[in-house]
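Values in this document were obtained by computation on a predicted structure and should not be read as measured data.
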Amino acid sequence: MSALANNYNRRKIAFKKGKGSFLYATNGKKYLDFCMGIAVCSLGHANPYLIKAINKQSKRLWHVSNAFQIPEGEKLAKRLTQKTFADSIIFQNSGVEATEAAIKVAKRYFYSIGQPKKNRILCIKNSFHGRTLATIYASGSKKMTEGFGPKIDSFDHFEFGNHQSLKKSITKKTAAIMVETVMGEGGIKVIPDWCLRELKKICNKKKILLILDEVQCGIGRSGKFFAFEYSNVKPDIVPIAKGIGGGFPIGAVLMTKKVASGMIPGTHGSTFGGNPLAMSIGNAVLDQIFKKGFLQNVQKTSKYFHSELNKLKNQYPKIIKEVRGIGLLIGLQLFHDQTKFIKKLMDNKLLTIRAGENVIRILPPLNVKKKEIDLAIKIIKKVCKEYNS
Ligand code: PLP
């Protein structure tokens with residue numbers, strides 16, 4: 001019996017080594033990993049550049065408290081602000097800490113300008129922003145909140161794609177609208193650019209802050225550094241995590257100068273968040289992602305992947321309902337429950353992960369090679385064929 005709690009439905013497989021797009025299991029088999037720790041290992045497993053960076057920093061300094069200056073964090077924050085909408089950053093260790101901090105920043109901003117009653121956050125029903133008490137109530141999903149009452153009463157909800165429901169849900173108390181630019185766990189549902197622009201207009205008109213959760217779709221996964229860049233919308237607050245650490249736990253909340261003004265000393269903090277080891281790795285990830293041509297290459301490979309998957313959809317129209325997503329955040333929606341299909345892919349040595357609405361989530365590393373995409377297509381095709389026969 002495992003001494004680990006039973007809060008995960010773990011597959012019966014363990015790995016001893018990873019390299020690039022592949023994982024080597026203790027059962028001796030080699031798997032093409034298009035799960036990548038759920039969009040975390042942005043540069044693949046055991047990336048030599050990241051190994052060098054972690055080795056170098058680990059010999060120098062791992063951790064000091066945020067009671068002191070941390071030049072590695074100053075550097076990472078400066079680079080992120082120079083490349084994005086943000087003026088200011090708070091570092092954390094995970095996605096949920098970043099989304100929770102985003103909620104705090106929004107509330108605190110209105111408090112600091114003398115409007116403490118403007119303190120509610122409007123979210124999409126059944127979205128995903130993490131698993132703390134606050135963020136499960138931000139999601140509003142029954143499955144996530146069941147058994148965790150009393151309710152954290154800060155959140156209102158609207159239906160994805162329902163503009164009437166959105167407009168009706170805004171009140172004088174709404175401080176911010178928080179949405180995932182691409183709903184990941186919910187089934188790889190992309191908010192169309194025109195909707196994001198409308199959302200921003202509504203926020204401007206009603207003096208509401210816009211929080212775009214890019215924990216899963218950010219850091220190059222969409223083919224741009226942030227997925228919202230396709231729409232030219234400028235958010236006020238953006239939580240990030242996953243890909244920025246390439247496998248090391250890093251989270252952050254990015255914000256404009258205006259909203260950062262409420263975050264005075266004592267309003268937020270983290271023991272580990274932003275330590276020198278994490279920050280050096282974050283800087284090394286950015287060295288790669290900001291390299292000339294890196295994001296263009298993500299766009300190119302993802303275009304190829306999407307077109308190959310769409311060919312499969314046309315060949316197997318009774319199995320594949322839709323190819324969803326943007327960049328290398330891809331969803332293959334089936335007509336039926338995807339569990340068996342994911343298992344068959346794994347039996348054929350391709351690792352993927354589920355999402356809502358019968359979707360198979362496909363998350364290769366951002367530096368995936370064409371021949372690895374071809375291998376994945378071959379495996380998916382084989383499983384489709386087996387389904388058909
Ligand atoms: N926000 C989004 C959009 C996510 O996809 C996730 C995780 O999947 C989170 C927040 C929470 O991140 P973490 O699991 O690192 O706490």
For this session: Check whether the side chains of S127 and E180 place a donor and an acceptor atom closer than 3.5 Å, and report yes or no.
Result: no
Problem set entry | Donor-acceptor under 3.5 Å (H157 side chain, A138 main chain) | yes
Seminar exercise, completed: When rounded to the nearest 0.5 Å, the distance separating CD1 of I319 from CD of Q338 is 14.0 Å
Problem set entry | Verdict with supporting geometry, F22 and H45, ring pair (Phe, Tyr, Trp, His ring centres under 6.0 Å) | CA-CA 7 Å; F22 292 93; H45 296 289; 9.7 Å; no
Exercise. Given the rule that I, L, V, M, F, W and Y join up when any side-chain heavy atoms are under 4.5 Å apart, are I219 and V182 in one cluster?
Worked result: no
Exercise. Given I362, which of L351, T352, L345 fulfils the side-chain contact (heavy atoms from CB on, under 4.5 Å) condition?
Worked result: T352
Problem set entry | Neighbour count above 12 (heavy atom, 6.0 Å) for F335 CZ | yes
Problem set entry | Heavy-atom pair with the smallest gap, counting every atom of E372 and S21 | OE1-OG, 2.7 Å
Problem set entry | Parallel, tilted or perpendicular: rings of F225 and F290 (30°, 60°) | tilted
For this session: Kindly determine whether K104 and E100 satisfy salt bridge (charged side-chain N to carboxylate O under 4.0 Å, His left out), including the steps that lead there.
Result: CA-CA 6 Å; K104 283 181 73 179; E100 179 107 13; over 6 Å; no
Problem set entry | Interatomic spacing from CG in L212 to CD1 in I240 - rounded to 0.5 Å | 13.0 Å
Problem set entry | Same apolar cluster (I L V M F W Y, side chains within < 4.5 Å links), I377/Y304 | yes
Problem set entry | Note: D374-K370 ion pair, threshold 4.0 Å (strictly below) | yes
For this session: Taking the side chain as every heavy atom from C-beta outward, state whether L254 and I237 have any pair of such atoms under 4.5 Å apart.
Result: no
For this session: Report yes or no: does D213 contribute a side-chain atom to a donor-acceptor pair with the main-chain N or O of V238 at less than 3.5 Å?
Result: no
Exercise. Tell me, do L80 and L286 make a side-chain contact under 4.5 Å, heavy atoms counted?
Worked result: yes
Seminar exercise, completed: Distance col, row K207:NZ vs K118:NZ, nearest 0.5 angstrom, shows 9.0 Å
Problem set entry | T135 side chain to G130 backbone, donor-acceptor under 3.5 Å | yes
Problem set entry | Ionic contact status for E308 with K311, cut-off 4.0 Å | yes
Exercise. Just by modelled atom types, is the A176 backbone N or O under 3.5 Å from a matching donor or acceptor in the T174 side chain?
Worked result: no
Exercise. Any chance OH of Y387 has more than 12 other-residue heavy atoms, nucleotides or ligands included, within less than 6.0 Å?
Worked result: yes
Problem set entry | Under 3.5 Å side-chain donor-acceptor pair for E214 and T181 | yes
Problem set entry | Neighbour count >12 (heavy atoms, 6.0 Å) for atom CD, Q69 | no
Exercise. So with a 6.0 Å cut-off around OH of Y230, is the heavy-atom count from everything else above 12?
Worked result: yes
Problem set entry | Exercise: identify the closest heavy-atom pair between S42 and V285 | OG-CG1, 4.1 Å
Exercise. Who are the side chain to side chain contact (heavy atoms under 4.5 Å, CB included) partners of R197, not counting sequence neighbours?
Worked result: D193, W194, S231, V233
Exercise. For N348 and K382, what are the C-alpha separation, side-chain angles and deciding distance, and is it a side chain to side chain donor-acceptor pair (under 3.5 Å)?
Worked result: CA-CA 9 Å; N348 285 280; K382 181 168 177 260; 2.4 Å; yes
Problem set entry | Within 6.0 angstrom of N55 CG, more than 12 heavy atoms from elsewhere | yes
For this session: Output yes when R361 and E185 qualify as a salt bridge under the 4.0 Å nitrogen-oxygen rule, no when they do not.
Result: yes
For this session: Grab the two heavy atoms, one from N66 and one from S270, that are nearest each other, plus how far apart they are.
Result: ND2-O, 3.1 Å
Problem set entry | Heavy atoms of other groups near K125 NZ, more than 12 under 6.0 Å | yes
Exercise. Are R120 and D153 close enough for a salt bridge, meaning some N to O gap below 4.0 Å?
Worked result: yes
Exercise. Are side-chain heavy atoms of W62 and N275 found at a separation under 4.5 Å?
Worked result: no
For this session: Taking the six-membered ring of Y24 (Phe, Tyr or Trp), confirm whether the NZ or CZ of K17 is under 6.0 Å from its centre and within 45° of its axis.
Result: yes
Exercise. Does the S165 side chain pair with the main chain of E159, one donor and one acceptor, at a distance under 3.5 Å?
Worked result: yes
Exercise. If you measure from OH on Y31 to CG on L23, what distance do you get to the nearest 0.5 Å?
Worked result: 10.0 Å
Exercise. Same hydrophobic cluster for L43 and I51, using side-chain heavy-atom links shorter than 4.5 Å among ILVMFWY?
Worked result: no
Exercise. Do P276 and M279 have side-chain heavy atoms sitting under 4.5 Å apart?
Worked result: no
Exercise. After noting the C-alpha distance and the side-chain angles of K107 and S154, does the key distance pass the side chain to side chain donor-acceptor pair (under 3.5 Å) rule?
Worked result: CA-CA 10 Å; K107 284 174 176 266; S154 274; 2.7 Å; yes
Exercise. Do any N or O atoms from the side chain of T26 and from the backbone of K16 form a donor-acceptor pair under 3.5 angstrom?
Worked result: no
Exercise. Ion pair present between R79 and D287, side-chain N to carboxylate O less than 4.0 angstrom?
Worked result: yes
Exercise. Atom CD in E146, atom CD1 in I136: separation rounded to 0.5 Å?
Worked result: 11.0 Å
Exercise. Got F158 and V179 here, is their nearest side-chain heavy-atom distance under 4.5 Å?
Worked result: yes
Problem set entry | N/O donor-acceptor pair under 3.5 Å between K189 side chain and G184 backbone | no
Problem set entry | Side-chain touch I90/M255, heavy atoms, less than 4.5 angstrom | yes
Problem set entry | Under 3.5 Å donor-acceptor, R131 side chain and V96 backbone | no
Exercise. With K167, which residues qualify under side chain to side chain contact (heavy atoms under 4.5 Å, CB included), at least two apart?
Worked result: I202
For this session: May I ask you to test the V383-K385 pair for a side-chain heavy-atom distance under 4.5 Å?
Result: no
Problem set entry | Straight-line distance of K224 NZ to I326 CD1, nearest 0.5 Å | 9.5 Å
Exercise. Hey, are the side chains of I353 and I38 touching, using non-hydrogen atoms and a 4.5 Å cut-off?
Worked result: yes
Exercise. Between the side chain of R108 and the main-chain N/O of G262, is any donor-acceptor distance below 3.5 Å?
Worked result: yes
Problem set entry | E322 and K313 ion-paired at < 4.0 Å | no
Exercise. Is there a donor-acceptor pair under 3.5 Å between the side chain of R354 and the backbone N or O of I360?
Worked result: no
